[in-house]
Structures are given as C-alpha cells and as structure tokens.
Asks: 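Below is one structure. I have some questions about it.
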Amino acid sequence: MELSTGRILEENLVQSAFHLTPGDELTLQVSDCDNLFPSQSWIPKIIKKRVCTTFVEDSLSNGLLCQCGGVRETHCSIATGDFFGTAIVSQWDSSQHSSEYPTDAFGELEFAGAGRRHSHFLRLSCDTPPHIMYSLMTTHWGVPSPNLVVSVVGGGGGRVKIKPWVREVLRQGLVRAAQSTGAWIVTGGLREGVGRCVGEAVRDHAAAASSLSQKKVIAVGVAPWGLVHNREWLVNSEGSFPARYYVQNTSHDSCCLDSNYQAFLLVDDGSVGRRGGETAFRAKMEDYISHQRTGIWGSGSIDVPVLCMLISGDAAMLERVDLSLKKATPWLVLDGSGPAADLICELLDALSAGPMSPPSPPPEGEGSEKPSAELRDRAREKVRRHFPAKADLEKLVDRALSIYKNRDLITVFHGEQESPDDFDTVLLKALVRASKRVSSDASEYTEELKLAVAWNRVDIAKSELFNGDIQWKYEDLEDSMTDALINDKPQFIRLFNENGLNILDYLTYRHLEVLYRSLSDSSLAFNLLQRLLTERQGLAICSPKEALALKSPQNPMSPLSGPSSAKELSLYEVSRLLWDILGDVCEPFYYSLLGLDQTTSTRRTMKQVNKFLQGDCSYREQSCLYPWASLFIWAVLQNRSEMAVYFWEMAGESVHSALAGCKILRELSKLESETETKLSMKELAQKFENLALDVFSECYQSSESRSFTLLIRQSPVWGKATCLQMATSADARHFFSHDGVQSLLSQIWWGDMKRSTKVWKLVLSFFLPPLIYTNLISFRLVEHEEEVRSEEEEVPHGRDTESLDGRDATMLSLADIMQTEEDVEEYAALRANLKSAPSSNPKRPFILLRWREFWFAPVTSFLGNVLMYFLFLILFAYILLLDFKPPPPHGPSTLEFVLYFWVFTMVCEEIRQTFFRGSTTLYQRMKLYIEDMWNKCDITAISLFALGMCCRMFPWSYEFGRAVLAVDYMVFTLRLIHIFAIHKQLGPKIIIVEKMMKDIFFFLFFLAVWLLAYGVANQALLYSYDPRPGWIFRRVFYRPYLHIFGQIPIHEMDGGKECTNNATLIEAGAEPCMNTDHNWLVVILLVIFLLVTNILLVNLLIAMFSHTFSKVQEHSDNYWKFQRYNLIVEYHSRPCLAPPFILISHIHLIIKRHIRKIPSTKIKHFVLEIHGREASRLNTWEAIQKENILFAQNKREREKDSERLKRTSVKVDSVLKQMAEIRDHDRRLRMLETELEYCSSALSWMTEALSQSNLVKTTRPPPALRGKVAYSILYDIGYMYDLFLWKVAS
C-alpha cells in the first residue's frame, strides 16, 4: 500500500511538473527537468527499471533459478512464498511478473584505459516511451540529430564468427556512408559479434578522421541490462559522473560494453542473462525516429530514414525482421553472411517469379490471402535446409512467408560480388525503394533526391540522378532546393541550378522571408533580426484611439490579433538590419517594395509596416528582382563561406557585390562575441576583398575606360552606391592600392591638366592667372579625344573608347548585340537623331574653357586652400602677437575684422558641407559630417574662435578671450596635418601619429597609477599637515611628473627652509615644515619610482611606438592611397575659390543650383548613373572578366599537387573497380567453359551412342572441334540437340 501510494504521488509530481493530466502522453522537456530537479535527479522520476517480483521456477535448475534467470535469493520473500501463484504459472512473462521502479543506473561511463571521452548510459524499462529517450539523447546528452539511422542486427552474438568480407563492408562501407550522411549506427553495443565489428570500424574511422567528421558518426548501443557483464559497477541511485568500467583486454568476444560507442541504452525487462529483451523497445525506437524530420531543428523536407541491416542471424531473428517489415521499416540483407540472411535471400530468389527487382505491392486485401501449397512447400524446404534442428518448423515457415509478402522493403547486398565502395549507393537505393512504397503518389526520383540532399551526397546525385537520363522539372526540385539552402549544401544548389531550376521562378519574396525565418537561433543575424522584430511588435500596441479604430466593424482585426504574417519576420527587419550594417552608403533595401519612404521616421515607418502586413501582402508572390544578390546577402549574413562565394559567382556586378560582402562581414565581426566566428568573418571578408581586387584587375587590363566607369557607376542592386563608396565604407585598403583606382583618382585630381605638371608652375599660375594661357602648363587634348571618339563611333563594329563618363561601346561587336531587325532599325534611328539634333554642349571660347580647366581642377582648389590657409594663420598670429587691441571702443582693429570675416567664410563652407551635399536626409548628412575626425576639429576650432571673439569684446572677460583665441590658434594650426595627407611620405606618418596617440593613452594610464601611488606616499611622509588643495595637487601629481625628467629637489627633503608647524599659520598660508624622520624611505620610494617610470614604462612606450611604426610602415603605401581618396573627394566637392573668396563661389552655386536649377556635371567624376543597354553591356563585359578570373583560379587549383593526387586517386579507384569487374567476368567465363565442357562431353557421348545405333544413318563422319570459337560451339551444339530431339520424336 505504501509503495503504490508513493508511486501515485511520484506520477502526480511529474505530471504537475510537465503540466499534464493523467491521460495525456508524457513529453520530455529537458530544460524544465533541469530547473525542477537539479543535478539530474529528475531522471529517476521519469525513467524506470524493471525488477522480477514473481519467482517462476525453472524446471532445469532444481528450483534454484527463476525463469527470468535470477536466483531465488534475489527475489523478495513475498513473491517467493506465493506457492499458489507459482503453481498456476508455467511461463515467465516480463509484463506480468516484473514491476517498474525508479532507475538506479544512469550518467556517464568512463572506460578505464580507453583514453577517450565519456559515454552516456541509462538503464531503462522495456516499456519506456521512445519519444522520451529520443528527446533525452538529442537535447540533454547533446547527441546530434541523425540524418539516417542504420540498425545493425544479427551476428548470432558471440557464437558465430563474422566473415572477413563482412568486416570490410562495415569498415569501408557502413561507417563511410554514416560519416558522409551524419548517421546513427545502432547495434547491441557489446564486445561480441556484429557489435564489436562496428565498434572497431568506428574506432578506426575516429583515428583517421577530423573532429568534425567524428561528430557525424554516432554509435549507439541498445543492449539487454541483464546480459551486461559487470553491470553492478554502473548502479548508483544518484547517478554516476562518471562510472568507471573495466573491460577485460581479451581477444575473444564477451558481454562487456564496447568503449567505442557514444551512448548506451540498457533495456531492462526484469530478466538476467537472457537475450532479446531489448528487441521490442528497439523496434519502437526505430519506428519513432522514422517519423522525425531531418535537418537543422527538423527543417528538412523528409523524415529521418531508418534502415535495418541484417548480418547472419539465427531463427529468432526472423521474428524481428517480420515485426519491423510490418511497420514499413526497410531492410538491407547481406547475402552470404549467415543462416537467417541467406534464408531470406534464397526465399527472394526461389519464390519470386520475376527478376530480383521487387514487383509492385499487391492490392488492398490481397496480402491477407493464404499462400499456395506449392509456395509453402518451397519455403519449408528452404527453412529446413538452413535450420534443420528447429522443432517449430511450421512457425518459421509462416514467418518466412510473411517476410516474403513485404519483399519490396528488402534489398540484398551481395558482398562477395559487390565492392564495399558501392555500399552507400546500395544503402540509398534501399531507402528509396521503401519511400516509393510508402508514398506511392510521389515521383520515383524525387524521394531519392531528397535522401541524397539529406545525406549531402552530391556525388550519388550526379552519378545516379543527374546523369542526363532524367528531365528534371522545377516542381521536382523546389523542395530539395529549399532544403539545400537552409541546411547549407551549396554543391546541391549548384547542381540544381545546372539542371533545370530557374532561380527567377523559385525565389519569390515569400521564399526569401522563409529563408530568413529559418536562420539558426545561435547566429548573430538571427538575434539582430529578432531584436528588430520585437521592436516592431512593441509598436503594435498603439494608442487607445487607434485601438478603437482598429477594432471597429470596418476593421475587425486588432494589431495583436491580425494575421500571423504581421507577427513574423518580414523583409522590413531585413532592410533595417542591412541599413544598420551598410550605413548611409546604400539606399534602404525593399523599401519601394513595401511602399515606404526613407525620409519617414523609424517609429512611423514601423507603424506603416504593421498596417501593411495586416493586408493581403501581394508582394510576396512577386519574383525577387535580383535573386542571386538577395541569396548572396542571406548567405553572407550567416557567414556561410562556400555558399556565399557561389552566389557571388552567379550574381551580377561582381566587384560591387564582393565589396558589399566585405563591408557586411566586417561590420558583423565587430558585433560578434565568439572569437572563432569573428576570425572566420574577417577571413571571409578579406577573401571577398581579394576577389573584388582580382576581378577589377582583370577589367583594368582589358579596358581602362570601362574599368573607370565600373568604379563610379551607381549600382541599382546595391542602393545606388558606387564601388568607390562601398570600398571606402568597407575599409578596403588593398582595393584602393590598385593602380587602376589610383589612376582614376589621379585623373580626377589633375582634371584636364597633365599629371606631369610641376607644382611650382601651379603656384606661379595661381598668383599670375594670365600664365595659364601660355604653354607653361600642359593640358590634355580633350578636343582631339572627342574627335577620335566620334570617329570610332562611326566604325560599324564599335571598338573600345577611352571616355571617362562610360559612354563607350562594349567589347562585343554591334553585330553580336543587334540580333533582330528591330535592333538595327532602332540603332539607325538613333544615329539619325544624333546627327540631326543640335549639340547640347556648345563649344566654349578658348579663354573661358582654359580658365575652367585650370580653376575647376581639384589640385588647384587644394593648392589655393593651402596657400590661403597659411595666409590665414599668418594673419591670426600677427593679430594675437602685435595687433590685439583692447575691447571696444578702442578695438578691434581693421585686420581683426578681416580675420572675423575670414572665419565667417569658413563657417559658410562648413555649413555647405553639412547641409548642401548629397541627396540623403538631414540627419544622415549631419551624421556623415560628424563622423569625420577633421570636421570635429573644424567645429572645435570655430567654436573656440566664437567664444574667444565674444569674450574679448568685454573688459571683464578680455584676458580670458585672448587666452581662448591663443588656444584656438593651436587648433587651427593642427588642422594643417590633414593637408599633408596628400604627400606620399608624410601621409602614412599622420596615420602613425594617430595610432601612437592610442598607445600613449595606455601609457598614461599606467603612469597615472604610479604617479598617484608615489605622490600620495611622498606627500604623507614629508608633510604631516598641509590643508592647501593647490599645493597638495602640485606635490602629488606635478612634482612626481617633473621627477621623471630629472627635476629632483634633493635639498628640500632635508629641510632648512623657513617653515612652521603651527596649524593656524599653515592654514593662513605659511610654509609647513617637512618631516625629516622618514627621509630614507622617501629616497627608496623615489628610486623605485624612477626605476619603473624612466626605465620600465618609457621603454614600454618606445616598444609600443616601434611596433606601431613597423606595422603601419609595412603597409604605408596602402594607407596613403586610401587616405588620398578621402582628400581628393573632399577637394573635388569644394568650390574652386578658397576662403575668404569662397563666398563668391557660394553665391554662384546658389544661383546656379537652386535658382537656375542647373545640375552639376562635376559630380559625374565620382557618381555616374547609366541605364538600359549601356548598363547591360557593362555588366556583360564585367561578367566575362569574372569568368576569366574564375577559370584561371580553377586552373591553378587543378594544377596543385593535392588536386592531382585526388584525381589520381579517383582514377585508381576506377581502375580497381574495372579490375574487379574483369575478375567477375573471368569467373563467369570459367563457369561458362566448365558448362561447355560438360555439354561437349554429353553431346560426344550422344553422338557416339547414335552412331552405334540404327536410328540414324549418317552419310559423313561427325564434325571436328578444330578452329571453333565459343559462340560457334554453342550454336552447333544447340542445332545438333534440336536435330536429335526431332529425330527421337519422329
């Protein structure tokens, strides 16, 4: 009574913990178990063991043993004394004569001397629900979910010796197939028979494979608890972590656990020393797993395939096979391995009327018909031959016939004829046959393809499914394509794309959203997207007035009760994530698709999205505008290297896409916390930068003008960003160091002047403008270039031109482009319009043209700003030193007012740079302006100047204003450093100084610690009382700092000055007397302080500076070229006149841009927008250069020694396979020769007998066998045999 009450309380506790009613099915939630029962004490609450409670006497043991196998002493006294119960029970049954109790053996298993990681083990009842064990293994034990389960049965325990070829199949075939698919191999787990062979195969695989491959092969042992040797070492009611298990190092088989298995399920049916107690549980476990999904978090398109593999086996194994076949579990039988396997193979051969391939399943109801007597007799003969000593022959015959009815689930592997290398293919075909039987409406090859994708066996798919014999349709590949995308199988994506899958039909925006929702929850992109989704969902709870409007009859759906699409991840979150990562370089993605405006605030935009997603969302059925680029972004966000590279190969705008991928990965690496993932992101980012550099280098070698157009054209795929903008944002210094990029920058920098122009000529022409009309400065012949370009356009097959604005022909001829008559007519009409239309750019006079060519060049603007800035600093210094008048009315002076006006023009230029540049929003313009370090310096300088100017106007703050202006002069002077960035030698030094400032920060931190420590101790030892704060600060910080530079007042330590110890006088300002009692300690502290600061810290700072210098100097050229681009862009966008004359340029720009609405032509030097056929030609040309690069890279890969070895290995394997086929043909020919010899001797005997009889009278002697070939012999023999039969019949 107490026992039953305790069990009821226990069940109620577990049910309440998992929120179940007594009739519900128990579902294991491991996280809840860990919270409820710490230290894994929850396992005995759920998992039970079985103990025999009824002693059923074994007649062969003289009453000493129970039929369960246990001795009488192990049974409880009540069960033993129940003589009435034992009298009426003749057969022991586990379900009736055993009871369940909490398990007392679980935890981790350490094999003494094995030297490998611990294995998990658990003693469980044979009635344990399989879903509990599967959840426990995959969730709590951390065993990876399988893509395949191979249950190896048979072997006859330790009584039957496994044949050598079976061991080879297990080692080379089964384990290799499991490694390539990510499979569980389930056996008995004991060191006997098949279990030992599988353990040795897994051990050999682990010794040669990588750690990743080892995780893909999981060996699980399902053994009967009562059969395990030394099982008492595992018993511990609190769990063993670990339990030490000793295995005898013997060569013969034993019932010890095998150390090569990762998990052990020790099934307890209450028996001891009996086999078969785990069979029913193992079958239920296999059936349950076969209904689980493959892939990440069950995202695969098929259920987990389960295959049973029969090796040898005894008569009892027929029942196991029959039970699994009735549950539609496929079997793979190794012919020639042993009795049970050979019996099944012979049944399939002898009883089948057709060939080895199984016929179609019988109609419904036909399977229940009894087999014919002839069929039963033939089956009885086969069973009697293999199991002659069995008494229950008819029962075995019934089992054999039942197995034969499900013959379409059985595949035979002829191990002595087939190679172990073909085992994985046979395995796949066996599962395909079963899947065809289960899903009869599915395509014959679709299920095989799904299995190949689940196993990631692209080699099998290529050889068996995509060999050209099957015409694949889009519908057949859609599900497998999704599976390959989600589970990161790029080789299958490439295969599908090459064999009938149209990416435009596949990738709709709905599919794209599904892909983003399938991101792994451990990835950084998933967490960022979920954060944005939570933010949008938080705005679904709107104001009360809006809520009432939404709940009105016209709009019955509330924000929280709307369609599920409004609550799920959408493209808006993806767009915001890309906006946060790419910054202001690109326009927002998918905004036009969702009907959004980028100028709208984020909060208002999210409300619009919530309202939009509650509608029909018709955009989701549209095909993705740029499918490969969208997949490229999706793969890059997940840091999938191989898949991202393939999508980059397929996407257009190769240089731009590679730089965008580099930008995304480098931004993600800054947010990633895991070191390994961060490093992989940086490596992939560098790989994409190298790809962009390689493609652009190929483009530059092909055509300089087109490569320039490639750098400055706006990309419709990447939000109208240019390659130069994307490279700047991605910090792609190696890309900027390319000669082609620098050539474009130099061309823009010098404008229409030649690059060889000397600087002194520019300075001289700057002060004497009429010199520009002489030959002092050389200009490029633009007019001549235009004439050459017009002449080249007249050529019918349009050659390449060298125009910067991109209006050039493609490398393809017009004959290649104009493939239809409409294209020819369109081209002719366009030529006629161009000839008849007046010139849109009339030729300017020479004086005006030369003036613009000189003053509109960025180099001239830079030179003018440098010269005028030096004049500004000279004027500023003169006023501070010699002409700084008193406050009004006596001042300021006239030159000071000129200085004020000069600074005012600088302020106007800063305002123009902030608010009147670009087409982005006001917030984005201000953000871009503030991010520049030198703009911050400008703001600081102008702010200090305004403060100093205001303070100097009043007598009470005059001196303070003068001090502020003096400090401001330092800030203005430091601004000169930015100007030196254009110099090739000084530019990298600026970066070195900038990085050394960071080193100084760390140095000052350590120095401040020692200053504080020494200063406080020194003050406390020398002065017992000094309340003056100013003097305390000087003695604690200032004097120790001067000690570093050698200013050490030794005489003050010994006293001697006029001083006092009177506290009142000290507080009044008198000098306190020093305490000379601890001078010796002060000297020791001074020595230690100088030793640490002057020797240790200073040398540390020098070492840090040396490291920074060497690191930057090594790549100084790249740093300078990258810095040079920013400077050129700045001065390219500036007006041609420098402050203070820049105000004239500002007025001119206001009239030209905002009043006359004349667009800027200068911006085309950095941003060029092309459309239509011109953009298509440029993309085609770029794609051709990319293909050349990829071809060259593949060629270099093929020429590597490792690749050659791989190809040689494949060829050797092919030769070995052909040799095996030749040996098989040779064996068959020998058998044929033997049969021919027998036929020849029989016919000779017949001929001799006929010649001696009177039945046949011959007119010639019998023919000889000389010179006959084999097929001629067969023909003659057949003819003579027919003639003989005809004679006998007549």
Side-chain angles (χ1 to χ4, degrees), residues 129-131 133-134 145-154 177 181 183-186 222 278-294 298 300-311 313 317-334 340-341 344-345 347-348 351-352 356-369 371 398-413 426-452 454-455 479:
H131 66 272
M133 294 312 306
Y134 184 75
S145 299
N147 290 325
L148 167 69
V149 174
V150 180
S151 181
V152 184
V153 298
T181 58
W184 287 5
I185 304 177
V186 182
V222 182
E278 82 287 359
T279 303
F281 171 80
R282 187 168 170 181
K284 290 188 294 183
M285 187 77 172
E286 295 163 358
D287 181 64
Y288 174 78
I289 296 178
S290 66
H291 293 86
Q292 306 306 305
R293 286 282 178 174
T294 60
S301 58
I302 62 172
D303 295 334
V304 177
V306 176
L307 177 70
C308 294
M309 181 176 174
L310 178 59
I311 300 175
M317 190 54 62
L318 297 179
E319 181 181 0
R320 169 79 166 87
V321 175
D322 187 28
L323 179 64
S324 294
L325 288 175
K326 290 180 179 178
K327 293 183 178 180
T329 302
W331 279 77
L332 178 64
V333 181
L334 267 63
I344 294 177
C345 295
L347 284 174
L348 297 180
L351 304 185
S352 298
M356 277 298 298
S357 59
S360 59
E364 186 178 357
E366 186 178 334
S368 59
E369 297 178 359
D398 293 337
R399 290 290 184 189
L401 293 175
S402 179
I403 291 173
Y404 177 73
K405 291 178 183 178
N406 296 288
R407 57 190 176 277
D408 48 352
L409 289 171
I410 301 175
T411 303
V412 178
F413 180 78
V426 175
L427 210 66
L428 178 62
K429 291 181 178 179
L431 293 170
V432 170
R433 295 175 65 180
S435 62
K436 293 177 187 176
R437 182 179 186 271
V438 175
S439 54
S440 59
D441 57 341
S443 175
E444 179 182 359
Y445 301 103
T446 304
E447 294 300 324
E448 188 171 0
L449 176 61
K450 289 180 179 179
L451 288 174
W455 296 1
D479 292 340

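Quick caveat: nothing in here was measured; it's all calculated off a predicted structure.
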Asks: Restricting to non-hydrogen atoms, name the atom on Pro330 and the atom on Leu307 that form the minimum distance, rounded to 0.1 Å.
Replies: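 So the two residues come closest at O-CD1, 3.5 Å.
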
Asks: Run the side-chain contact (heavy atoms from CB on, under 4.5 Å) test against Ser402 and tell me which residues pass, sequence neighbours left out.
Replies: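 For Ser402 the side-chain contact (heavy atoms from CB on, under 4.5 Å) partners, ignoring immediate neighbours, are Asp322, Lys326.
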
Asks: Just jot down the side-chain hydrogen bond (donor to acceptor under 3.5 Å, both in side chains) partners of Ser151, sequence neighbours excluded, or say none.
Replies: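 For Ser151, the residues satisfying side-chain hydrogen bond (donor to acceptor under 3.5 Å, both in side chains) (neighbours in sequence not counted) are Arg282, Glu286.
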
Asks: Can you confirm whether Leu348 sits close enough to Tyr404 that some side-chain heavy atom of one is under 4.5 Å from a side-chain heavy atom of the other?
Replies: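 Touching, per the 4.5 Å side-chain cut-off.
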
Asks: My understanding is that only residues two or more places apart in sequence, or in another chain, count here; which of them pass side-chain hydrogen bond (donor to acceptor under 3.5 Å, both in side chains) with Ser290?
Replies: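 By the side-chain hydrogen bond (donor to acceptor under 3.5 Å, both in side chains) rule, Ser290 matches no residue at all.
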
Asks: Calculate, to the nearest 0.5 Å, the distance between atoms NE2 and CE belonging to His131 and Met133 respectively.
Replies: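 Taking NE2 in His131 and CE in Met133, the distance rounds to 11.0 Å.
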
Asks: Under the side-chain contact (heavy atoms from CB on, under 4.5 Å) rule, collect the residues that match up with Asp398, sequence neighbours excluded.
Replies: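 Once residues adjacent in sequence are excluded, the partners of Asp398 under the side-chain contact (heavy atoms from CB on, under 4.5 Å) criterion are Arg376.
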
Asks: Of Val153, Val333, Leu334, which is the lone residue that meets side chain to side chain contact (heavy atoms under 4.5 Å, CB included) with Met309?
Replies: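 Testing each of Val153, Val333, Leu334 against Met309, the sole residue satisfying side chain to side chain contact (heavy atoms under 4.5 Å, CB included) is Leu334.
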
Asks: Find the distance between CD1 (Ile289) and NZ (Lys284) and round it off to the nearest 0.5 Å.
Replies: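 Here the rounded value is 13.5 Å.
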
Asks: Does the side chain of Leu325 come within less than 4.5 Å of Ile410's, by heavy atoms?
Replies: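 When only atoms from C-beta onward are counted, Leu325 and Ile410 do touch, with a gap below 4.5 Å.
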
Asks: Applying ring pair (Phe, Tyr, Trp, His ring centres under 6.0 Å), can you list everything that pairs with Tyr134, at least two apart in sequence or on another chain?
Replies: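 Checked Tyr134 against ring pair (Phe, Tyr, Trp, His ring centres under 6.0 Å); matches are Trp184, Tyr288.
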
Asks: Would you compute the distance between atom CG of Leu310 and atom CD1 of Ile344 and round it to the nearest 0.5 angstrom?
Replies: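 One finds 5.0 Å between CG of Leu310 and CD1 of Ile344.
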
Asks: If every non-hydrogen atom of Leu332 is compared with every non-hydrogen atom of Phe413, which pair is closest and at what distance?
Replies: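 Answer, listing the atom of Leu332 first, then Phe413: CD1-CB, 4.0 Å.
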
Asks: Looking at Thr329 and Cys308, what are the two nearest heavy atoms and their distance?
Replies: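 Between these two residues, the closest heavy atoms are CG2-SG, 3.7 Å.
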
Asks: Do you know the tightest heavy-atom contact between Leu347 and Ala400?
Replies: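 Heavy-atom minimum between the residues: CD1-CB, 3.5 Å.
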
Asks: Using atom types as modelled and distance alone, determine if a side-chain donor or acceptor of Arg320 lies under 3.5 Å from a backbone N or O of Met317.
Replies: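 Between the backbone of Met317 and the side chain of Arg320 there is no qualifying donor-acceptor contact (under 3.5 Å).
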
